[in-house]
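In what follows, a structure is listed as structure tokens, so that the remarks can point back to it.
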Amino acid sequence: MVIKYQLIKESKECKARLGIVTTPHGSFETPVFMPVGTNATVKTLTKEELEAIGAEIILGNTYHLWIQPGNDVIKKAGGLHKFMNWPHSILTDSGGFQVFSLSDFRKIEEEGVIFRNHKNGDLLFLSPEQSIKIQKDLGSDIMMAFDECPPYPSTYEYMKTSVERTIRWAKRCLEENKGNEKQGLFAIVQGGEYEDLRKYCAEELKKYDFDGFAIGGLSVGEPKEIQNEVLTYTTPLLPEDKPRYLMGVGTPGMILDAVERGVDMFDCVLPTRIARHGAAMTHFGRLNMRNKKHEYDFTPLDSKCNCYTCKNYTKSYLRHLIKADEILGYRLLSIHNIQFLKDLMAEIRDAIKNDTFYELKERVYKEYGIEDGKDF
RNA sequence: GGUGGGGUAGCGAAGUGGCUAAACGCGGUGGACUGUAAAUCCACUCUCUCCGAGUUCGGCAGUUCGAAUCUGUCCCCCACCA
């Protein structure tokens, strides 16, 4: 296996687990949060800043890099690591999510998906083989299988058809990747809110030699209870000796819920996106830095945070930067928000180690003001 | 002093007889954001006892059923000429 997973400890309290994932570009402890860097950049941040935060693995995106600058450019640059100057691990999403999120126009066929370039309207065709070819050019450590991410809600009939196709596509990805000793490949379990379909999908995918397993099709607008329910019955179906990745989840409450059910890896655009929208994630809940109440507040963003931003700047200054639309404001908030989640993950790992997970979960829910249906 | 142009909500700026409490932009205030078409999007932004009502478009006086829009006059600003 290109990707190694070492299980360090299972929680005595719940399904949470502590592990170490090793890729060709390094290893990191899990549960882990992976910042999203779609366009070969974690928006606004440099490699040094990400390293200072302690990020060990980031995401890139097949679809976006395929249409710009083009996988050939990145291949010639020596791969995505060299291209973007990130010597640590990279996971690339397959483009499957863009089929879901991007286009009004798309036609899903057995062979692949026809859809339109969101920048210039060009007709594009993405298939499992094409996605893997691009990801090979990118040279990511972990590639994702090309899947279909069906919307919520979808009918059982549709979901069944979709899941069966996603399984066939996963096998084609595996076939296309045969002999690749440098990159790992994760399969994606779909099935929506239908337990038997999730089970079927997981059982089928488990038969093949994937390096890890993701749970997809969640965080697409379904209620939190459904997400938890799906995780409760899906995660135990996944191999214990491989990493488990919940795609697209990144609010503190949902991360805790998912870790509790045995998930190891997370990614989410939330910290970087809301930073650019002027919001900070703090131990006291979400702060909208545009708000007037921060005008004369000369204390740090988050008194419990030791990030670069909190060590050096005040709320008043950050509010000023955001209101003045100064780039530095968005950068400083991005640094803080990623650090915030990074630190939360460290706390989670400690809590698993010490079997104090529920204590932590309760505290975080209370401190962050997480309530039913409202998570950050 | 003369000639021309102009004074509209916090600012800029449309509107030139009824459909106008008045487009739009900025600013202001709040909200949203989940495998990134997102430094984006949404709402509110004259006053009030806010379903409804009341005062507005430099001031005053008129014309009219009805005026930000027409007339007179006064005040102020800008440009050019003396």
Side-chain angles (χ1 to χ4, degrees), chain A residues 33-45 57-65 67-68 91-105 115-121 124 131 135 140 142-150 152 186-190 212-224 227 245-255 257-258 263 265-281 286-295 319 321-334 337 341 374-376:
Chain A
F33 177 78
M34 308 179 283
V36 179
T38 305
N39 273 318
T41 163
V42 175
K43 290 185 193 294
T44 80
L45 301 184
I57 173 169
I58 62 175
L59 261 68
N61 191 291
T62 299
Y63 167 78
H64 297 263
L65 297 173
I67 65 166
Q68 188 179 61
L91 180 152
T92 44
D93 192 18
S94 62
F97 189 72
Q98 278 59 48
V99 169
F100 159 75
S101 71
L102 208 57
S103 183
D104 293 329
F105 171 81
F115 63 131
R116 288 196 183 279
N117 181 325
H118 70 281
K119 297 222 166 193
N120 62 18
L124 298 170
S131 176
Q135 294 186 75
S140 53
I142 299 174
M143 301 185 289
M144 297 306 299
F146 186 66
D147 66 330
E148 186 198 346
C149 181
Y152 174 85
F186 279 24
I188 303 172
V189 176
Q190 292 287 354
F213 292 85
I215 298 168
L218 291 179
S219 65
V220 290
E222 76 285 353
K224 189 174 169 163
Q227 182 173 125
Y245 163 29
L246 175 58
M247 307 183 80
V249 164
T251 59
M254 289 199 280
I255 287 175
D257 286 350
V263 173
M265 300 165 69
F266 300 88
D267 80 284
C268 192
V269 303
L270 193 73
T272 44
R273 177 177 290 169
I274 71 174
R276 292 190 314 284
H277 295 174
M281 306 174 81
R286 193 187 291 197
L287 290 185
N288 183 345
M289 292 314 294
R290 267 179 230 287
N291 288 173
K292 197 171 177 62
K293 63 183 171 191
H294 305 120
E295 190 173 14
R319 171 178 138 95
L321 292 178
I322 297 299
K323 299 256 337 161
D325 200 25
E326 284 291 341
I327 298 168
L328 181 61
Y330 306 122
R331 286 175 24 74
L332 291 173
L333 287 182
S334 295
N337 285 351
L341 281 179
K374 170 78 182 160
D375 187 359
F376 238 76

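Predicted, not measured: the structure shown is a model, and the values here were computed from it. So that the names make sense, note that chain A is the first sequence line, chain B the second, and so on, each numbered from 1.
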Using the side-chain heavy atoms of A/Lys292, tell me which of these nucleotides is nearest: B/rG30, B/rG35, B/rA39. B/rG30

Starting the side chain at C-beta, find the nucleotide from B/rU40, B/rU36, B/rG35 nearest to A/Met247. B/rG35

With nearest nucleotides of RNA chain B determined for A/Arg290 and A/Gly250 from heavy-atom distances, which residue corresponds to the more 5′ nucleotide? A/Arg290

B/rA37 phosphate, OP1 or OP2, under 4.0 Å from A/Ser101 side-chain N/O: yes

Minimum-distance pair of heavy atoms, taken over all atoms of A/Gln98 and A/Tyr63: CG-CD2, 3.5 Å

Output the rounded distance in Å from CD1 (A/Ile58) to C1' (B/rG35). 15 Å

P spacing across the pair B/rC24 / B/rG15, given as an integer number of angstrom: 15 Å

Would you mind reading off the distance between A/Asn288 atom CG and B/rC42 atom P, rounded to a whole angstrom? 16 Å

A/Val249 side-chain proximity, nearest of B/rU34, B/rA37, B/rU36: B/rU34

Atom-pair distance (CG on A/Leu102; C1' on B/rA38), nearest Å: 12 Å

Check whether more than 12 heavy atoms from other residues, nucleotides or ligands sit under 6.0 Å from atom CD of A/Gln68, and answer yes or no. no

Among A/Leu91, A/Asp93, A/Leu59, A/Leu246, find the residue that satisfies the side chain to side chain contact (heavy atoms under 4.5 Å, CB included) test when tested with A/Asp267. A/Leu59

Base, sugar-phosphate or nothing for A/Arg286? Non-hydrogen atoms, less than 4.0 Å. base

Can you tell me how far P in B/rA32 sits from the matching atom in B/rU36, rounded to whole Å? 22 Å

Can you tell me if CD1 on A/Ile327 sees more than 12 non-hydrogen neighbours from other groups inside 6.0 Å? no

Across the strands shown, which category fits A/Gly96 at heavy-atom distances under 4.0 angstrom: base, sugar-phosphate, nothing? nothing

Grab the OH-C1' distance between A/Tyr245 and B/rG35 for me, whole Å please. 5 Å

Closest approach of A/Phe186 to A/Met265 (non-hydrogen atoms, all atoms of both residues): CE2-SD, 3.9 Å

For atom C1', what is the distance between B/rG25 and B/rC33, given to the nearest Å? 25 Å

Rounding to an integer number of angstrom, what distance separates B/rU69 and B/rA23 when you compare their C1' atoms? 16 Å

Could one point to a donor on the side chain of A/Asp147 or the base of B/rG35 with an acceptor on the other under 3.5 Å away? yes

Going by side chain to side chain contact (heavy atoms under 4.5 Å, CB included), A/Ser334 matches just one of A/Ile274, A/Val42, A/Leu45. Which one? A/Leu45

note: A/Phe97, atom CZ; B/rG35, atom P; distance rounded to Å ~ 5 Å

P atom, B/rG12 versus B/rU20: distance in rounded Å? 25 Å

Which base, if any, makes a Watson-Crick or G-U wobble pair with B/rC80, both distances under 3.5 Å? B/rG2

Okay, side chain of A/Arg286, backbone of A/Met281: is any donor-acceptor separation there less than 3.5 Å? no

If you go through the side-chain atoms of A/Thr272, does one of them form a donor-acceptor pair with the base of B/rU36 closer than 3.5 Å? yes

I need the A/Leu332 CG to A/Glu326 CD distance, nearest 0.5 Å. 11.0 Å

Aromatic stack A/His64/B/rU36: centroid gap under 5.5 Å, interplanar angle under 30°: no

Whole angstrom is fine here: how far is it from CD1 in A/Ile67 over to C1' in B/rU36? 12 Å

At 4.0 Å (heavy atoms only), tell me whether A/Asp325 reaches a base, stays on the sugar-phosphate, or touches nothing. sugar-phosphate

With a 3.5 angstrom cut-off on both distances, give the Watson-Crick or G-U wobble partner of B/rU40, or none if there isn't one. B/rA32

For A/Lys43, which contact category applies under a 4.0 Å heavy-atom criterion: base, sugar-phosphate, or nothing? base

Strand partner of B/rA23, provided both Watson-Crick or wobble distances fall under 3.5 Å: none

Checking all strands, does A/Met144 fall into the base, sugar-phosphate, or nothing category for heavy-atom contacts under 4.0 angstrom? nothing

Rounded to whole angstrom, note down the P distance from B/rC42 over to B/rU34. 15 Å

Examine B/rU36: is either OP1 or OP2 under 4.0 Å from a nitrogen or oxygen in the side chain of A/Gln98? Give yes or no. yes

Touch check for A/Leu218, heavy atoms < 4.0 angstrom, all strands: base, sugar-phosphate only, or nothing? nothing

Go ahead and name the base partner of B/rC48; Watson-Crick or wobble counts if both distances stay under 3.5 Å, otherwise write none. B/rG52

Report yes if at least one side-chain N or O of A/Ser219 is closer than 4.0 Å to OP1 or OP2 of B/rU34; otherwise report no. no

Send over the distance from A/Asp267 CG to B/rC33 P, rounded to a whole Å. 17 Å

Can you check the distance between B/rC75 and B/rA61, where both ends of the measurement are the C1' atom (answer in whole Å)? 15 Å

Protein-nucleotide distance (A/Arg273, atom CZ; B/rU34, atom C1'), rounded to Å: 8 Å

Nucleotide paired to B/rG66 in any strand shown, Watson-Crick or G-U, under 3.5 Å: none

Which part of the nucleic acid does A/Gln190 contact within heavy-atom distance under 4.0 Å: base, sugar-phosphate only, or nothing? base

With a 3.5 angstrom cut-off on both distances, give the Watson-Crick or G-U wobble partner of B/rU73, or none if there isn't one. B/rG59

Look at the side-chain N and O atoms of A/Lys293 and state whether any lies under 4.0 Å from the OP1 or OP2 oxygen of B/rG30. no

For nucleotides B/rG31 and B/rA67, find the distance between their C1' atoms and express it as a whole number of Å. 40 Å

